[in-house]
Amino acid sequence: GAQLLMDTIEWNFGVDIDDYVMVDYDAFIELVNLLGGITIHDVTEKEAKYMRDEVNRPKFKEGTNTNVDGRTAMWYCRIRYVDNDFGRTQRQRKVITSIISKVTKTNPFKLIDIVKQVLPNISTSLEQNDLLALGVGAFFKYIRYDIVQQQIPAEGTWWNERVYGQDVLKMNFEKNKTLLKEFIYE
């Protein structure tokens, strides 16, 4: 569950996690739709072909796709057969960045209504009023900051290895721990 995940991250990377917010597929789809769709930039031809052929999104194209609905955005995030997990998480970060960009251009009163509609599909350790206050506060205080991202394991700190006949990803935990702490706290 969420607590074990937070404990695992805290133990392995030495960062403090106080609370969590978990958005399920329905909340994700609903959020994107209530925002009126999003724009996804830098779509590769492989990604576009997968979306057209495997997900039946015939208009999905290489480059920039505008007014992407929630279900299409979710499928784009979940593509895993055109490259690897690092590519998949990059797509997820790209979509989250697009959602945040759309949120910054949305009327705050409309955002409050959207949050209230999506809230039933969100699991969190926060009280609903605290979550709503955090969301509204973030809109006015933090949402216009530059978005920065850090992939863990970071480039050059991991390698593939075969253990007991299984392919596994090994990484330098100390290097990643240092990088994550620097990224968050500095």
Side-chain angles (χ1 to χ4, degrees), residues 5 9 13 15 17 19-52 55 57 59-108 110-115 117-119 121-124 126 131-132 134-155 157-158 176 179-186:
L5 176 59
I9 293 169
F13 295 104
V15 295
I17 302 172
D19 292 291
Y20 72 92
V21 175
M22 184 171 59
V23 178
D24 70 10
Y25 290 142
D26 292 332
F28 176 87
I29 291 167
E30 186 177 21
L31 173 62
V32 172
N33 288 342
L34 289 169
L35 286 170
I38 60 171
T39 299
I40 303 176
H41 299 282
D42 304 319
V43 173
T44 68
E45 179 51 40
K46 278 184 171 181
E47 294 167 342
K49 182 175 179 4
Y50 183 88
M51 292 295 290
R52 289 190 304 268
V55 186
R57 298 298 193 264
K59 295 181 181 179
F60 209 83
K61 64 185 192 296
E62 179 180 8
T64 299
N65 289 267
T66 57
N67 300 317
V68 175
D69 67 271
R71 189 161 303 281
T72 302
M74 181 190 65
W75 277 109
Y76 179 76
C77 287
R78 296 186 71 201
I79 295 173
R80 58 175 49 219
Y81 301 111
V82 301
D83 45 29
N84 55 36
D85 278 341
F86 293 113
R88 184 170 55 92
T89 60
Q90 177 60 37
R91 283 186 285 280
Q92 292 167 358
R93 291 192 306 274
K94 189 187 310 184
V95 168
I96 290 168
T97 300
S98 182
I99 291 169
I100 292 170
S101 175
K102 187 74 178 250
V103 164
T104 63
K105 298 172 184 135
T106 302
N107 178 305
K110 181 178 179 183
L111 281 179
I112 292 170
D113 289 339
I114 290 172
V115 169
Q117 290 180 62
V118 174
L119 211 49
N121 290 320
I122 293 176
S123 300
T124 180
L126 297 165
L131 182 62
L132 189 57
L134 185 62
V136 171
F139 179 81
F140 290 107
K141 293 180 187 174
Y142 309 115
I143 205 79
R144 300 201 192 287
Y145 286 14
D146 291 337
I147 297 171
V148 292
Q149 303 176 20
Q150 175 63 52
Q151 171 186 297
I152 298 293
E155 195 68 40
T157 66
W158 61 273
N176 281 283
L179 288 169
L180 186 59
K181 281 184 167 183
E182 288 172 356
F183 178 77
I184 294 172
Y185 300 114
E186 293 176 18

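Please read these numbers as outputs of a predicted model, since none were measured by experiment.
With sequence neighbours excluded, the residues that form a side-chain contact (heavy atoms from CB on, under 4.5 Å) with Ile29 are Asn33, Arg71, Met74. A search for ring-ring contact (aromatic ring centres under 6.0 Å, His included) contacts involving Phe13 returns Phe173, not counting sequence neighbours. Applying the side-chain contact (heavy atoms from CB on, under 4.5 Å) criterion to Glu182, with sequence neighbours excluded, gives Thr178, Leu179, Glu186. Every ring-ring contact (aromatic ring centres under 6.0 Å, His included) that Phe86 has, sequence neighbours left out, goes to Trp158. Applying the side-chain contact (heavy atoms from CB on, under 4.5 Å) test to Ser101 and every residue at least two apart in sequence or in another chain returns Lys105. For Asp85, the side-chain hydrogen bond (donor to acceptor under 3.5 Å, both in side chains) partners are Arg88, not counting sequence neighbours. With sequence neighbours excluded, the residues satisfying side-chain hydrogen bond (donor to acceptor under 3.5 Å, both in side chains) with Glu45 are Arg52. Residues that satisfy the side-chain hydrogen bond (donor to acceptor under 3.5 Å, both in side chains) test with Thr64, not counting sequence neighbours, are His41. Every residue meeting the side-chain contact (heavy atoms from CB on, under 4.5 Å) condition with Asn121, not counting sequence neighbours, appears here in chain and number order: Asp24, Asp26, Ala27, Glu30. Evaluation of the ring-ring contact (aromatic ring centres under 6.0 Å, His included) rule for Phe28 yields no partner, not counting sequence neighbours. Taking the side-chain hydrogen bond (donor to acceptor under 3.5 Å, both in side chains) definition, one finds that Tyr20 meets it with nothing, sequence neighbours left out.
Although no hydrogens or angles enter the test, the distance criterion places a donor-acceptor pair under 3.5 Å between the side chain of Arg57 and the main chain of Val55. In this structure, Lys102 contributes its side chain and Leu35 its backbone to a donor-acceptor pair below 3.5 Å. A donor-acceptor contact shorter than 3.5 Å is absent between the side chain of Asp69 and the backbone of Val32. Although no hydrogens or angles enter the test, the distance criterion places no donor-acceptor pair under 3.5 Å between the side chain of Thr106 and the main chain of Leu111.
Listed here is the closest heavy atom pair of Asp42 and Lys94: O-NZ, 3.1 Å. Taking each heavy atom of Ile79 and Glu47 in turn, the nearest pair found is CD1-O, 4.1 Å. Annotation for Ala48 and Glu62: closest pair CB-N, 3.5 Å, computed over non-hydrogen atoms. Minimum heavy-atom separation, Leu34 to Gln117: CD2-OE1, 3.6 Å. Heavy-atom minimum distance, Asn176 versus Pro153: OD1-CA, 3.1 Å.
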CA sep, side-chain torsions, deciding dist, call: Tyr25, Arg78, side chain to side chain donor-acceptor pair (under 3.5 Å): CA-CA 11 Å; Tyr25 290 142; Arg78 296 186 71 201; 3.3 Å; yes
Criterion side-chain contact (heavy atoms from CB on, under 4.5 Å) on Met22 and Ile122, from CA distance to verdict: CA-CA 6 Å; Met22 184 171 59; Ile122 293 176; over 6 Å; no
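Pairs engaging residues 59-83 under the ring-ring contact (aromatic ring centres under 6.0 Å, His included) rule: Phe60-Tyr76 [sequence neighbours left out].
Here the CD-OG1 distance, from Gln151 to Thr157, works out to 8.0 Å after rounding to the nearest 0.5 Å.
With respect to the salt-bridge test (charged N to carboxylate O, under 4.0 angstrom), the residues Arg91 and Asp83 qualify.
The shortest distance between side-chain heavy atoms of Val43 and Met51 does not fall below 4.5 Å.
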